[in-house]
Amino acid sequence: MRKYSVLYRVAAVSAVLLIISGLDAAAQGREELNRAAGKYNQILYLIDRLYMEDVDLNALAEKAIVATVGELDPHSAYITAEDVRAMNEPLQGEFEGIGIEFAIIRDTLTVQATVAGGPSEKVGLLAGDKIVRVDSSCIASSGLTNEDVYGYLRGKKGTKVELGVLRRGVKDPLDFTVVRDKIPINSLDAAYKVDGDILYLKLSRFAAKSRDEIAEAIKSFDGTLQGVILDLRSNSGGYLPTAIDIANEFLEAGELIVYTEGRALPRMQESALGNGLYRHGPLVVMIDENSASASEIVAGAVQDQDRGIIVGRRSFGKGLVQQAIPLEDGSELRLTVARYHTPSGRVIQSPYEAGHADEYYRNFYERYVRGESFSRDSIQFPDSLKFRTLKLGRTVYGGGGIMPDVFVPQDTASYSDYYASLLRQGLVIEYMNGLCDRNRSEWTMKYRSFERFDRSFNVTDDMVDGLVALASERGIELKEDELERSREDLCLYMKALVAGSIVSRDCFYRVMNSQSPEFQAALEALREASLSRNALL
């Protein structure tokens, strides 16, 4: 594990102390703080004493805090205690429960998969099992939600839960006693070989154990590794230390990864240690408009150090560092304390006006209107934002995201409102979950490998008709011309969902990538890099 320099240690120090120490050096600032706090306390006191009706002072304070933080940059935020727990869990990398992936199919909790080595697998729960009773509560009822399931099945390590299960082919219900345990949450959604000697890695977020997952995938590669594709598309970020750890896997000792600067914080920087597992050899990092924060740190370091090729579309542009400051009631203030810079000195943060978060996000969506997703030429950077990479001197730009070396326009030829409606309402996933549930035993026996599945499985017209019928029941009127325009993409997505459910999680991406222009461009860039001997190797 990396021993972090000042940048990481600051994350463990209360930002409140940092801010107070800064204010101690400026008496005027301290007086302003005291006046503002005193005035607000006085108002609350007067309301409590004199207002004509009883008032929930905590609720008033919560709203005031939200309004105050809303006047800052678009990424500072106040988060309630409940939301803190929900947001931290996917990044901390584990929770306590019974260890299943599930779907609610026709109001019934259905096991999609058991977590390898988890408590449910140990007692013999299987994919396709339907959990209809938890302890004394019957849960096979209308209105069951994901939140209900979490409430039933999650709990402290070591506690027991009694499950009543219906299993296809078994007449009577089965009873299971599951002892809850810590369940790992993976952030590496896929890791598989491409063309025999290229490793594809799909990282969904930068969680506490993401670096370990990537390292394990690289170590497990049997054979000579001729290239790595790190897919950060739609990865909105996560832990800054994890981004540094992952960048370290690809860079040489002493190469700068990132540095930060803020009003109350001195410049702090992190450099590679030189102990990464893949410091040589062709590397491609894939990004898109939804790649942000930690994703941009990794992509920016790889690009500025001329270590690899960035493929895709311009990233989101979130270059602000938030300090998570816990408050006494379990809530949290996530306060922007610094800007981060890529090794060449670029600021990746998109422009914003304090207190106008709505306009900030609207400007992001207007990129699409301006045609940015379809043409690199639609993106104009002033010369003041021009920088040079550190080894080859290639031109790169700051001031709003990472611009890829290889631009891949978004393909919307098969887009239709009808297909979008199916996706927005989750009907494709719902229908395919049900289809997999009904055919799981047969398909699992028939498709024992991805190669056999990919070669033999096809989405039939009957399957599409079944989805259309479900959509009609839910009030989505069929538009024949739009369905035909989107049919190819729809069938690919349906096939990918079956692959992920029946064969393995990786296989969803193997199917989707087979027709992805971004992925094909990444492969081509990797092959070209393999043939060259420049610094990008």
Side-chain angles (χ1 to χ4, degrees), residues 1-2 8 11-12 79-104 108-140 144-167 173-189 191 203-217 220 238-239 241-242 245 324-332 334 501 504-505:
M1 178 64 70
R2 153 186 293 268
Y8 177 61
I79 306 170
T80 65
E82 181 179 357
D83 288 341
V84 166
R85 289 190 293 272
M87 293 176 67
N88 284 340
E89 184 179 89
L91 296 178
Q92 291 169 345
E94 61 184 18
F95 64 93
E96 294 179 349
I98 70 168
I100 62 169
E101 295 179 14
F102 69 89
I104 298 173
T108 302
L109 172 59
T110 304
V111 178
Q112 297 293 93
T114 56
V115 175
S120 289
E121 183 189 62
K122 290 177 181 178
V123 300
L125 277 178
L126 301 175
D129 284 349
K130 301 180 186 302
I131 300 175
V132 295
R133 178 180 55 80
V134 177
D135 292 327
S136 60
S137 300
C138 175
I139 65 169
L144 186 68
T145 65
N146 287 349
E147 289 70 25
D148 294 333
V149 174
Y150 298 148
Y152 283 123
L153 301 183
R154 291 187 178 181
K156 291 186 177 180
K157 177 182 178 179
T159 59
K160 295 182 180 180
V161 59
E162 304 288 338
L163 303 179
V165 172
L166 299 180
R167 178 171 291 171
L174 303 173
D175 295 324
F176 292 87
T177 300
V178 185
V179 180
R180 296 183 177 98
D181 202 346
K182 288 189 177 297
I183 310 299
I185 302 176
N186 295 324
S187 57
L188 189 62
D189 287 348
L203 191 69
S204 60
R205 57 189 173 274
F206 287 79
K209 298 182 180 180
S210 297
R211 179 266 169 192
D212 295 337
E213 294 178 56
I214 286 179
E216 183 178 347
S220 66
Y239 289 143
T242 301
D245 271 342
I325 307 168
L327 305 179
E328 61 182 9
D329 64 348
S331 60
E332 196 171 89
R334 296 193 178 180
S501 179
S504 73
R505 191 178 187 182

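In this chain, numbering begins with 1 at the start of the sequence shown. Here the structure is a predicted model, which is why all the values come from computation and not from measurement.
- In the model, Ser187 has no side-chain atom that pairs as donor or acceptor with a side-chain atom of Arg205 under 3.5 Å.
- Between Leu163 and Leu153, the closest side-chain pair of non-hydrogen atoms falls below 4.5 Å.
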Return a table of donor-acceptor pairs under 3.5 angstrom between the side chains of residues 111-126 and protein atoms on other chains or two or more places apart.
{"from": "Gln112", "atom 1": "NE2", "to": "Asn433", "atom 2": "OD1", "distance (Å)": "3.0"}
{"from": "Ser120", "atom 1": "OG", "to": "Ile98", "atom 2": "O", "distance (Å)": "2.7"}
{"from": "Glu121", "atom 1": "OE1", "to": "Gly117", "atom 2": "N", "distance (Å)": "2.6"}

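- Expressed to the nearest 0.5 Å, how far CD of Glu332 lies from CG of Leu327 amounts to 7.5 Å.
- Annotation: the span from Ile104 atom CD1 to Thr110 atom OG1 amounts to 9.0 Å, rounded to 0.5 Å.
- Sparse packing is recorded around CD of Glu216, with 12 or fewer heavy atoms of other residues, nucleotides or ligands lying under 6.0 Å away.
- When side chains are defined from C-beta on, Lys209 does not count as touching Ile185, because their heavy atoms never get closer than 4.5 Å.
- Of the inter-residue distances, the one linking Arg180 atom CZ with Lys156 atom NZ reads 11.5 Å to the nearest 0.5 angstrom.
- In summary, the side chains of Thr242 and Asp245 do not present any donor paired with an acceptor at a separation below 3.5 Å, with no hydrogens or angles considered.
- The distance from the CG atom of Leu166 to the CG atom of Asp129 is 9.0 Å, given to the nearest 0.5 Å.
- Residues Glu162 and Asp175 form no side-chain contact, since every pair of their non-hydrogen atoms from C-beta on lies 4.5 Å or further apart.
- A donor-acceptor pair under 3.5 Å is absent between the side-chain atoms of Asp181 and the main chain of Lys157, judged by distance alone.
- Side-chain contact between Phe102 and Asn146: present, with at least one pair of heavy atoms (C-beta onward) separated by less than 4.5 Å.
- Side chain of Glu213 to backbone of Leu188: a donor-acceptor contact under 3.5 angstrom is found.
- Side chains of Ile131 and Ile100 form a contact here, defined as non-hydrogen atoms less than 4.5 Å apart.
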